[in-house]
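So the structure is just underneath, and the comments pick up after that.
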Amino acid sequence: MGRYLSWGLVVLVVLASAAAAGAATRTPQALAASHRAALQPAGDPTDATAHDVSPPLAELTAAPEPDAKEKKEKKQKGVPVPLGSPLADPVVQATEGTAAAPALGVGFEGVGQGFTGPAGTFQVRYAPPDTNGAVGPNHYVQIVNTGFAIFTKSGTPIYGPVPTNTLWSGFGGGCQSHNDGDATVVYDRAAGRWIFTQFSVSTTPYLQCVAISTSGDPTGSYYRYSFQYGKFPDYPKLGVWPDAYYITFNMFKGGSTFVGPEMCAYDRAKMLAGLPATQQCFLLSTGDGGLLPSDLDGATAPPAGSPNYMLEFGANSLLLWKFHVDWTTPASSTFTGPTAIPVAAFSPACGGGTCIPQPGTTQQLDSLADRLMYRLAYRNFGDHESLVVNHSVTAGTSVGVRWYELRNPNGTPTVYQQGTYAPDAGYRWMGSTAMDGNGDVALGFSVSSKTVYPGIHYTAHLTTDPLGVMGQGEGVLVDGTGSQNGGLARWGDYSSLSVDPSDDCTFWYTNEYLTQYGSFNWHTRIGTFRLPGCGPPDFALSATPASRTVNQGDATSYTVTVSPEGTFTSSVDLSVSGLPPGASSTFTPNPTASTSTLSVTTSPTTPAGTYPLTISGTGGGLTHTTSVTLVVQAPVPDFSLSASPSSQTVVRGASASYTVAIGAANGFTGTVALSVQGLPNKTTASFNPNPATSSSTLTISTSRKSSRGTRTLTITGTSGALTRTTTVTLTVQ
């Protein structure tokens, strides 16, 4: 398909007059002044500068690998940082939650140094990795600054790793030519689509490259777009909303002078259909920065007509903006705010800069505490709307993660709960937070100190925990085994916590870590966890072992387990069907809320054969089943072996004897050949009789040269294919 080319004038609703200049560090007075004159025309084309549809990923030519030169991304300066509060943080959680840490589910390596997938082995040439990922019904997609890969949910890579600009192979222009990073991937649950973004800034015009899957298959074809900007569009962050894909940037003139944040809306409906699409953008002044768009989680859309909520922080406050786009009448689009929401006093970690320690090096890591951390996750619970977000703050002598749940964003927004997670002297930063369908809040983050290598941990707050407290223990996704050095302070830029749309309960988290000291040797890890009580009331039924074999007339047993899910608390009544004739069964206990023993007793007349048994459980208005197999066989002739006494003591040169008894079972009539192993040196043994049918005497004869000490003797009996053993003890003094 040919690419659509069009240029136009941006349409903006200007809510105030000329913009005010802002200082790099915002005082309350400067902050207020910046909002009295906040909006400026963005001056960017409204139409996508190009668009097309790609072949499936497998048919795209992989972009060239980056050159061997290692590149360090420089942190753009000028984004305003609020002044730190002189007050101590009043909401610090100084101890770990008392509940057990959420159990780690699937865990596997992501794209990083040495990662190998179907397309080969990934080589790190760029730092930091900007680790980001998204989960769909059947796949997990992870993207880093220069590459991406697609995984099954069990962790098997099925595509990649390839350079990210492979997505725009054949598209032309900077999107195809440049692999510049700052990439993100999100999953649009309502549409069942994947959205990739990456900027092209190596040459002008500056572009934001966007690719939207044409179906729910991330390995299929993509609708591809590029949008143009007159200034360097740094740190793009995308949010899914019903009326648009909303994206935020920090804009820099000439690539270095901060001019303010820009907020744009892409025409989602047109892009999902692969049609020519437009954007609408607003630009704030230098007094603002680091805005995040709200990103929809869950199956319930926001109330009709809701604006997209955008958030930044100020001095001891969160600043909420509302972006309402009107595609029919662009002049009616509005960007309003901010509403200042007071929060507990805080000071940005490291003053917004670098202070995170590591073992074995003086190199410290960047806290990136000058901005809120991706994502601003939104949920509509019907009776209330919630937003959750986090950033890094000073916590005594270390650094912790300040997290918030905001409610009623389209009315009078309030802080429903807030806390600073800093349970020990470690430094926690680079967080990402989200809510499951139950309203529980999970938090993933990096952790490091002078004695702890940078690693990836997580924790959670259940709705039953005290407000503002991560009441669950701290889990480990992976512990690092190396520190970053070589003069490289940048770490991450962001990590990613997303919620599985299949159950609205399982959290998927990805972040970076190191396995050894170095500066361009980062790894990434992907892992899942789920919180107790999430989901509707339900239970799972299982039984072990899967199969039992029993002789006619004998009994056997299985263990049946009831596993509650969500808020299920009922006991479950158990029953079994499929028993063979002459067999009976009992469950102990019955009903049960946990485990029960199923005992099955056959009779001598039960026919031999294989019988599938169906175990049913009913409780709480729900019924589930599981299956096991019972194999009934005719008794097989067998024998047992025993010996007495169990122990004998002799002096060297003397003899000792044991009686070996042969027990016949199931009509056994054969003879048994006997032998013994484990004798001391210079010692002999004999059986009388051997072979035997019922019993035999084992005589041990020592000599004056026999080894002293206690030995365990193993007596073995063999009859045809049957072998049985027993043991006795001999002490030579």
Side-chain angles (χ1 to χ4, degrees), residues 1-7 44-45 47-74 76 111 119-120 122-130 132 141 143-149 159-185 194-213 221-236 238 247 249 251-256 264 266 271 274 276-277 279 493 520:
M1 178 184 292
R3 279 172 290 153
Y4 173 81
L5 301 174
S6 178
W7 296 81
D44 297 317
D47 293 338
T49 56
H51 88 275
D52 73 357
V53 60
S54 78
L57 290 187
E59 299 177 18
L60 288 175
T61 302
E65 292 290 340
D67 58 44
K69 184 179 179 181
E70 295 171 337
K71 299 178 182 179
K72 300 178 182 179
E73 179 184 340
K74 295 181 180 179
Q76 298 285 4
V111 179
F122 185 81
Q123 297 297 322
V124 171
R125 305 292 189 199
Y126 201 93
D130 295 354
N132 185 239
V141 179
I143 195 166
V144 295
N145 238 328
T146 57
F148 75 97
Y159 179 82
V162 295
T164 305
N165 59 325
T166 297
L167 278 163
W168 290 272
S169 178
F171 187 71
C175 291
Q176 176 178 331
S177 302
H178 306 313
N179 196 35
D180 289 337
D182 266 23
T184 60
V185 59
W194 302 85
I195 304 96
F196 288 83
T197 69
Q198 175 171 260
F199 62 22
S200 168
V201 293
S202 295
T203 58
T204 55
Y206 298 127
L207 300 173
Q208 188 67 19
C209 312
V210 185
I212 301 172
S213 64
S221 58
Y222 283 78
Y223 297 129
R224 305 185 294 191
Y225 294 83
S226 62
F227 294 92
Q228 182 175 323
Y229 304 92
K231 301 175 182 64
F232 186 101
D234 192 41
Y235 206 70
L238 188 78
I247 192 166
F249 306 94
M251 289 297 191
F252 291 84
K253 183 179 180 180
S256 59
C264 297
Y266 298 147
M271 297 171 79
Q279 66 172 345
D493 260 17
F520 287 91

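Only a predicted model underlies this, so the values are computations on that prediction, with no experimental measurement involved.
- For T166 (side chain) and A63 (main-chain N/O), a donor-acceptor pair under 3.5 Å exists by modelled atom type.
- Across every non-hydrogen atom of Y225 and M271, the tightest pair is OH-CA, 3.4 Å.
- With contacts defined as side-chain heavy-atom distances shorter than 4.5 Å, the pair R125/T146 does not qualify.
- Minimum interatomic distance between V141 and V185 (heavy atoms only, all atoms of both residues): O-CG1, 3.8 Å.
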query: What's the verdict on side-chain contact (heavy atoms from CB on, under 4.5 Å) for Y126 and N179, showing C-alpha distance, side-chain angles and the deciding distance?
result: CA-CA 11 Å; Y126 201 93; N179 196 35; over 6 Å; no

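- Separation of atoms CG (D130) and OH (Y235) is listed at 8.0 Å; rounding is to 0.5 Å.
- Listed by chain and residue number, F227 satisfy the ring-ring contact (aromatic ring centres under 6.0 Å, His included) test with Y266 (two or more places apart in sequence, or in another chain).
- Between Y222 and F196, a ring centre-to-centre spacing shorter than 6.0 Å is recorded.
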Begin from the C-alpha positions of I212 and W194 and carry the test side-chain contact (heavy atoms from CB on, under 4.5 Å) through to its verdict.
CA-CA 6 Å; I212 301 172; W194 302 85; over 6 Å; no

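- Proximity of a side-chain donor or acceptor of S200 to a complementary backbone N or O of H178 within less than 3.5 Å is not detected.
- A side-chain N or O of S202 and one of D180 form a donor-acceptor pair less than 3.5 Å apart.
- Here the rule is side-chain hydrogen bond (donor to acceptor under 3.5 Å, both in side chains) with T197, and of N132, T164, T184 only T184 fits it.
- For the residue pair P233 and M251, the shortest heavy atom distance occurs at CA-SD, 3.5 Å.
- We find the CG-OG distance between D234 and S256 to be 11.5 Å, quoted to the nearest 0.5 Å.
- The residue from F252, F232, F249 that alone fulfils the side-chain contact (heavy atoms from CB on, under 4.5 Å) condition with Y206 is F232.
- V144 approaches F122 most closely through the heavy-atom pair CG2-CZ, 4.1 Å.
- Nearest heavy atom pair, residue Q198 against residue N165, reads NE2-N, 3.9 Å.
- Residues Y229 and C264 come closest through the heavy atom pair CE2-SG, 3.9 Å.
- Here S226 contributes atom OG and F171 contributes atom CZ; the two are 4.0 Å apart, rounded to the nearest 0.5 Å.
- Side chains of R224 and C175 form no contact here, defined as non-hydrogen atoms less than 4.5 Å apart.
- In this structure, E65 contributes its side chain and P163 its backbone to no donor-acceptor pair below 3.5 Å.
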